[in-house]
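Data first, discussion second: the structure below is written as structure tokens.
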Amino acid sequence: MTKVRTRFAPSPTGKMHVGNLRTALYAYLIAKHEGGDFILRIEDTDQEREMEGAVDIIYNTLQKTGLIHDEGPDIDKGFGPYVQSERQAQGIYLEYAKKLIEKGEAYYCFCTEERLNGLETEIDGKKLTKYDKHCLHLSKEEIQAKLDAGIPYVIRQNNPTEGTTTFVDELYGDITVPNEELDDMILIKSDGFPTYNFANVVDDHLMEITHVVRGNEYLSSAPKYNRLYEAFGWEVPTYIHCPLITDENHKKLSKRCGHSSFEDLLKEGYLTEAIVNFVALLGWCPSDNREIFSLPELVEAFDYHNMSKSPAVFDMVKLSWMNGEYIKSMDDEKFYEMALPYIKEVITKDLDFRKIASMVKTRIETFKDIREQIDFFEEVPEYDIEMYTHKKMKTNTENSLTLLKEVLPILTECESFDNDSLFEMLQNFAKEKGYKTGFVMWPLRTAVSGKQATPGGATELMSILGKDETIKRIEAAIEKLS
RNA sequence: GGCCCUAUGGUCAAGCGGUUAAGACAUCGCCCUUUCACGGCGGUAACACGGGUUCGAUUCCCGUUAGGGUCACCA
């Protein structure tokens, strides 16, 4: 059996879309599961849409996610160059296009934009054009004359208008379309660059790609590719079209969503491991139904035959849950390092950040959640005194006030302000008075935090705030309640 | 509109002719508890519809419906 070779072929036009990321992931997994090679190819044939820095984004993303390529612009294993503009400069595409012309499978087209516009029809507000093979019938002499005159041209694929074309997709099976539907698509643009459609086929063949992994949106253009392979007499690779990823409205993920790109998700406080894990499960499921996978585990378990055919909604809620799982199982030291910048964002005081980090660890789903969890350490927020009223604790503003007054002197005299002693002491106090623990803890926690929910109990908060600050806050609370 | 694809709970999804139709997220309830969370236990919730094929269809076939994709000198 020949070695599996898959490729990720993004065009450097901007951010890393999560759909693209998943395609890259699947291509990587398919190769690695079989011990094959994963190749990176840059498809920069559209000079207009090309964006500065986009290539770096591609490298960074692959690096960060661990989708390490075996070959690429930076690692030439004899199939280079791996950048299409460089291949274009070598004349590769034109050479192959001319081969097709010789075979009658392609032809020069000199049609002007105006003429093409005349071919447009409008349906449902969308402009559709089907080329009418106008230039197919130009004589050799006419073509040469136009070429000599320097008239701009494109090269078009010459597709049949009758019969059908069938191609095979590993997931979707045989797909047959009437040839009438096949437009004479452009292979070489008037600027001399190949179109994606053409460059893709030529390069996949030249780079000996065995499995073409790409998004479902290419399914309908696949027959044209097939004809190209056949026209060249090349072996058709295995096609694997991945189901689409959609937003919650079941529409193709768009830039508008805010969570459509890898970078956005990182910015939102998600971990790359969680993103990769989550995205892997969008359209694929292991036989044992496991959910948490590291990349090596995915390599081991991934089998593209289990891929789903229907589109999947990108569910932020579940991503958040999964991110929380990753955070909880994270090494404490590593978590501390990652959490620290977020903690410092809201706390300028000199508090025990390590303790705060560990308190918050089981309570967040993304790092961004940290802020609102701990901001009260810096300063007690404005709060309604009704917060002292709690049915289950049997507290209200009145008994909270008397309780705080009772506890204040005890705390003032208290020497050790660590959590354990505080808790023991307050529990004893409660016992003596015949109070339930919660009855004393609730007002204290409220007084000290001004929050309905905090990342720890009353005594934990107090031990972190320290004696002085705690007393100050309780006094302020007494004042507020009086 | 043509062509193509898809169709199991709100979401991701097991299932691949005979099952009490898994599991996860979300949701709800209970327990744990110094609040919240974590954790534990449990509940609600699905085979789009109509025809076939078959002893028997969620599963196979055909329609209908619904959704999506695509129809560029973009990829």
Side-chain angles (χ1 to χ4, degrees), chain A residues 9-11 13 20 43-46 48-49 109 113 116 121-124 126-130 152-156 169 171-172 175-178 180-183 185-191 193-197 199-200 214-223 241 243-244 246 248 250-252 278 281-292 306 308-322 324 328 359-364 373 387 390 392-393 422-423 426-427 430 436-442 444-446 449 451-461:
Chain A
S11 54
T13 52
N20 279 128
E43 310 222 329
D44 58 345
T45 55
D46 187 345
E48 280 180 29
R49 289 207 315 154
C109 171
E113 207 180 322
L116 260 20
T121 50
E122 196 172 314
I123 293 169
D124 292 346
K126 282 173 279 187
K127 284 179 182 151
L128 312 176
T129 357
K130 184 161 193 309
Y153 67 91
V154 301
I155 298 176
R156 285 182 185 272
D169 180 272
L171 253 41
Y172 294 95
I175 296 176
T176 302
V177 297
E180 197 189 351
E181 294 294 321
L182 272 31
D183 195 23
M185 66 176 178
I186 290 173
L187 272 19
I188 301 286
K189 302 186 265 189
S190 57
D191 63 2
F193 275 82
T195 54
Y196 162 83
N197 304 300
N200 218 260
R214 36 144 55 157
N216 192 300
E217 65 267 34
Y218 297 110
L219 205 53
S220 37
S221 52
H241 287 92
L244 241 31
T246 73
E248 36 287 295
H250 302 273
K251 298 264 161 59
K252 207 165 123 179
F278 177 70
L281 261 27
L282 243 36
W284 173 77
C285 180
S287 34
D288 65 356
N289 243 316
R290 188 144 71 106
E291 303 242 45
I292 304 296
N306 295 348
S308 145
K309 287 191 275 193
S310 37
V313 172
F314 192 93
D315 183 5
M316 287 297 279
V317 176
K318 185 153 187 180
L319 204 216
S320 294
W321 164 79
M322 189 172 278
K328 270 174 254 166
M359 286 170 83
V360 109
K361 194 178 169 195
T362 58
R363 291 165 223 263
I364 57 167
Q373 289 259 354
M387 215 180 265
H390 192 284
K392 206 178 141 200
M393 301 301 154
L422 279 169
F423 188 70
L426 288 168
Q427 206 168 33
K436 293 193 83 174
T437 314
F439 182 79
V440 355
M441 295 303 183
W442 180 267
L444 278 171
R445 218 197 80 261
T446 308
S449 69
K451 285 219 168 192
Q452 199 93 244
T454 54
T459 60
E460 285 175 274
L461 305 186

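First the proteins, then the strands, lettered A, B, ... as listed; each starts at 1.
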Q) What does A:Thr45 touch in the nucleic acid at a heavy-atom separation under 4.0 angstrom: a base, only the sugar-phosphate, or nothing? A) sugar-phosphate
(Q) Which heavy atom of A:Pro194 sits nearest to which heavy atom of A:Thr45, and what is that distance? (A) O-CB, 3.4 Å
(Q) I need the CD1-C1' distance between A:Ile364 and B:rC38, as an integer number of Å. (A) 13 Å
(Q) Between the base of B:rC38 and the side chain of A:Thr362, is one N or O donor paired with an acceptor at under 3.5 angstrom? (A) no
Q) Tell me, do A:Gln452 and A:Met387 make a side-chain contact under 4.5 Å, heavy atoms counted? A) yes
Q | pair A:His241-A:Arg214: side-chain heavy atoms closer than 4.5 Å | A | yes
Q) Phosphate oxygens OP1/OP2 of B:rU6: is one of them under 4.0 Å from a side-chain N or O of A:Lys309? A) yes
Q.
Can you tell me if A:Thr195 touches the phosphate of B:rA75, counting only side-chain N or O atoms and a distance under 4.0 Å to OP1 or OP2?
A. no
Q: Take the protein atom CG of A:Asp315 and the nucleotide atom C1' of B:rA26, then report the distance between them rounded to whole Å.
A: 8 Å
Q. Touch check for A:Tyr218, heavy atoms < 4.0 angstrom, all strands: base, sugar-phosphate only, or nothing?
A. base
Q) Counting only heavy atoms not in A:Glu48, do more than 12 fall under 6.0 Å of its CD? A) no
Q: May I have the distance from A:Ile175 (atom CD1) to B:rC3 (atom P), rounded to whole angstrom?
A: 15 Å
Q. Has the side chain of A:Lys436 got a donor or acceptor that lies under 3.5 Å from a partner of the other kind on the base of B:rU34?
A. no
**Q.** Gap between atoms CG and P, on A:Leu128 and B:rC71 respectively (whole Å)
**A.** 9 Å
Q. Is there a donor on the side chain of A:Thr454 or the base of B:rU35 sitting less than 3.5 Å from an acceptor on the other?
A. yes
**Q.** Aro-ring/base stack A:Phe423-B:rU34, d under 5.5 Å, angle under 30°
**A.** yes
(Q) Using a 4.0 Å heavy-atom cut-off, does A:Glu460 contact any base of the nucleic acid, only the sugar-phosphate backbone, or nothing at all? (A) nothing
**Q.** Rounded interatomic separation in angstrom, taking NZ from A:Lys251 and P from B:rG69
**A.** 7 Å
Q) With a non-hydrogen cut-off below 4.0 angstrom, is A:Lys126 in contact with a base, only sugar-phosphate, or nothing? A) base
Q | No-H, no-angle donor-acceptor pair, A:Arg363 side chain to B:rC38 base, under 3.5 Å | A | no
Q. Toward the 5' end of RNA chain B, which comes first, A:Pro10 or A:Trp321, by nearest nucleotide?
A. A:Trp321
(Q) Just so I know, are the side chains of A:Pro243 and A:Tyr172 near enough to count as touching, which here means a heavy-atom distance under 4.5 Å? (A) yes
Q) Which part of the nucleic acid does A:Thr437 contact within heavy-atom distance under 4.0 Å: base, sugar-phosphate only, or nothing? A) sugar-phosphate
Q. Base, sugar-phosphate, or nothing for A:Asp124, non-hydrogen atoms under 4.0 angstrom?
A. base
Q.
Can you tell me which residue among A:Gln427, A:Met441, A:Arg445 is in a side chain to side chain contact (heavy atoms under 4.5 Å, CB included) with A:Thr459?
A. A:Met441
(Q) Does A:Lys328 reach a base, just sugar-phosphate, or nothing at all? Heavy atoms under 4.0 Å. (A) sugar-phosphate
Q. Think A:Thr129 has a side-chain N or O under 4.0 angstrom from the OP1 or OP2 of B:rA72?
A. yes
Q) To the nearest Å, how far apart are A:Leu182 CG and B:rU70 P? A) 17 Å
Q.
Looking at A:Glu180, I want to see if its CD is surrounded by more than 12 non-hydrogen atoms of other residues, nucleotides or ligands under 6.0 Å.
A. no
Q: Quickly work out the A:Leu244 CG to B:rA7 C1' distance and round it to whole Å.
A: 15 Å
Q.
Side chain of A:Val317 only, heavy atoms from C-beta on: which candidate in B:rC73, B:rA26, B:rG23 is closest?
A. B:rA26
Q. Does A:Ile123 or A:Gln373 map to a spot on RNA chain B nearer the 5' end, using the closest nucleotide for each?
A. A:Ile123
Q: Would you classify A:Met185 as touching base, sugar-phosphate or nothing, given that sugar-phosphate means primed atoms plus P, OP1 and OP2, and contacts are heavy atoms under 4.0 Å?
A: nothing
Q) Rounding to a whole Å, what distance do you find between A:Arg156:CZ and B:rA72:C1'? A) 10 Å
Q. Taking only N and O in the side chain of A:Lys189, is any of them less than 4.0 Å away from OP1 or OP2 of B:rA75?
A. yes
**Q.** Residue A:Glu181, side-chain atoms from C-beta onward, closest of B:rG2, B:rU70, B:rC36
**A.** B:rG2
Q. Charged N to carboxylate O below 4.0 Å: is that the case for A:Asp46 and A:Arg49?
A. yes
Q: Describe, in one word, how the ring planes of A:His390 and A:Trp442 are oriented to each other, choosing from parallel (under 30°), tilted (30 to 60°) and perpendicular (over 60°).
A: tilted
Q | Side chain A:Lys127 and base B:rA72 donor-acceptor under 3.5 Å | A | no
Tabulate atom names and distances for all N/O pairs under 3.5 angstrom spanning the protein and nucleotides 13-16 of chain B.
residue	atom	partner	partner atom	Å
B:rA13	OP1	A:Gly283	N	2.6

